[in-house]
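First comes the structure, then the notes that go with it.
Remember, it's a predicted structure, so these values are computed and weren't measured experimentally.
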Amino acid sequence: MPELPEVETVRRGLRPAMEGGVIERVEQRRRDLRFPLPARFSARLAGRRVVAITRRAKYLLAHLDDATVLIMHLGMSGRFAVSHECAAGAGARSTARREAHEHIVFHMSGGARIGYSDPRRFGVMDLAAGDRLASHRLLAGLGPEPLAREFSPAYLNRALRDRRTSMKAVLLDQRVVAGLGNIYVCEALFRARVSPHREAASLAGRRRPGRALCRLVDAVRGVLHDAIEAGGASLRDHARTDGTLGYFQHSFAVYDREAGACPRFGCHGTVARETQSGRSTYWCPNCQR
DNA sequence: CTGTGTTCCTGTTCGC
DNA sequence: TGCGAACAGGAACACA
């Protein structure tokens, strides 16, 4: 599920349930997800007020009142579900269905129950000191946010100039730009009419970015913006914390549309699928160059 | 520096 | 209906 738009959608769902509230209790049903959870994980979170929930690339960050930060990554199959428990009292019982792969549950002071499920367990949770957040091993190497000013044609021009690898590979490289995954790389390249096989350096100008690079920056921003507005994409899982579905998957131009007609007006190409470094790439060989 | 393949893990889908 | 293979939104790592 989770590339930048999906993670942003999750962030927006978690905010009302967590921000300003106190984590009263944490149920931890495993010692590890992708990596071991930090020592005394539940104990360190209990009693802490959540000051803010922010996002960096595909990471969710819960800033706590003791200046620590809970870093969370959804991996491939991570999901948060927010529900509300009845006030304590006779017969009070959570109405939330317990999922098979629910590994962690946060119980908030306001009665919100936030369950984290992750069947494949590629997700990550870690705690970091707030003043050393930027140098945390998970965040240190990340490139600019694609929706920030810093991700400009001039920046991308510099980043691509010496790269001999494919455009697909550079855009997936979180050090170049942070937050894109397989879907949105395919979609952005399609919008920019750039082939995923195009050598990165060949798209860069000697001094200034050319037109294709400007189109690409716009395409990346545009597709992320549109996807966020649609509440992300829901392929197999629910992307939103309230269980409702995002609907951007209906707007995919090429992703998962192998053999479909190229949606570009006037192009009569057919969407192709190829494996590039072990992952499916979808593109129109007719209009993407 | 490069691309490629493997690994982590489980669930779903597809072809026979 | 059953069964095995292929594949899945991520990312680190080993290797040639």
Between A/Y59 and A/H73, how do the two ring planes meet: parallel, tilted or perpendicular, split at 30° and 60°?
-> perpendicular
pair A/H225-A/E229: side-chain heavy atoms closer than 4.5 Å = yes
Would you say C/dG10 has OP1 or OP2 under 4.0 Å from some side-chain N or O of A/Q174?
-> no
P spacing across the pair B/dC9 / C/dG2, given as an integer number of angstrom | 28 Å
Does A/E8 come within less than 4.0 Å of A/R12, counting only side-chain N to carboxylate O?
-> yes
Looking at A/R30 and A/D118, does any basic side-chain N land under 4.0 Å from a carboxylate oxygen?
-> no
Nearest to the side chain of A/Y255 - B/dT2, C/dG9, C/dA11?
-> C/dG9
Salt-bridge criterion met for A/K58 and A/E3 (N-O under 4.0 Å) = no
Could you state the CZ-C1' distance from A/R56 to C/dA11, rounded to the nearest angstrom?
-> 16 Å
Take atom CG of A/L172 and atom P of B/dT2, then tell me their distance rounded to the nearest Å.
-> 15 Å
When rounded to whole Å, the CD to C1' distance for the pair A/Q276 and B/dG5 reads 15 Å
Non-hydrogen atoms of A/A178 and A/G143 that approach each other most closely | CB-O, 3.6 Å
Closer than 4.0 Å, any side-chain N/O of A/R279 to the OP1 or OP2 of C/dG9?
-> yes
Scan nucleotides 10-16 of chain B nucleotide by nucleotide, 5' to 3', and note B when protein non-hydrogen atoms come under 4.0 Å of the base, S if they reach only the sugar-phosphate, - if neither.
-> BS-----
At under 4.0 Å between heavy atoms, what does A/D118 touch on the DNA or RNA strands: base, sugar-phosphate, or nothing?
-> nothing
Presence of A/K58 side-chain N/O under 4.0 Å of C/dG9 phosphate oxygens OP1/OP2 = no
Are any of the side-chain nitrogens in A/R240 or A/D242 under 4.0 Å away from the carboxylate oxygens of its partner?
-> no
Return the minimal non-hydrogen interatomic distance between A/N157 and A/A204, and the atom names on each side.
-> OD1-CA, 3.2 Å
Interatomic distance where NZ belongs to A/K168 and P belongs to C/dG10 [whole Å] | 9 Å
Under a 3.5 Å limit on both distances, the Watson-Crick or wobble mate of C/dA8 is B/dT10
Show your working on side-chain contact (heavy atoms from CB on, under 4.5 Å) between A/Y184 and A/L171 and close with a plain yes or no.
-> CA-CA 9 Å; A/Y184 295 103; A/L171 292 182; over 6 Å; no
Could you go through the side-chain contact (heavy atoms from CB on, under 4.5 Å) check for A/M108 and A/I23 one step at a time?
-> CA-CA 5 Å; A/M108 302 300 297; A/I23 302 172; 3.8 Å; yes
Carboxylate-amine/guanidinium contact A/R113 A/E102, below 4.0 Å = yes
For A/G278, answer base if it contacts any base atom (sugar-phosphate contacts may also be present), sugar-phosphate if it contacts only those atoms, and nothing otherwise; contact means non-hydrogen atoms under 4.0 Å.
-> nothing
Verify stack between A/F122 ring and C/dG10 base, 5.5 Å, 30 degrees = yes
What integer number of Å spans the C1' atoms of C/dG10 and B/dC1?
-> 23 Å
Heavy atoms of other groups near A/E150 CD, more than 12 under 6.0 Å = no
Could you tell me the separation between the CE atom of A/M76 and the P atom of C/dC7, rounded to a whole number of Å?
-> 13 Å
Look at the side-chain N and O atoms of A/R34 and state whether any lies under 4.0 Å from the OP1 or OP2 oxygen of B/dT7.
-> no
Output the residues of residues 134-147 of chain A in contact with DNA chain C, where contact means a heavy atom of the residue under 4.0 Å from an atom of the strand; sort by number or write none.
-> none
Distance test, side-chain N/O of A/R273 to OP1/OP2 of C/dA8, below 4.0 Å | yes
With a 4.5 Å limit on heavy-atom distance, are the side chains of A/N286 and A/R289 in contact?
-> yes
DNA chain C contacts among residues 185-195 of chain A, heavy-atom distance under 4.0 Å | none
For A/D173 and B/dT4, give me the distance from atom CG to atom P, rounded to whole Å.
-> 15 Å
Euclidean distance for P, C/dA12 against B/dG11 (whole angstrom) | 25 Å
Please determine if a side-chain N or O atom of A/S280 lies less than 4.0 Å away from the OP1 or OP2 oxygen of C/dC7.
-> no
Using whole Å, report how far CD of A/E258 lies from P of C/dC7.
-> 10 Å
For atom P, what is the distance between B/dG5 and C/dA6, given to the nearest Å?
-> 14 Å
Between atom CZ in A/F35 and atom P in C/dA12, what is the gap in whole Å?
-> 7 Å
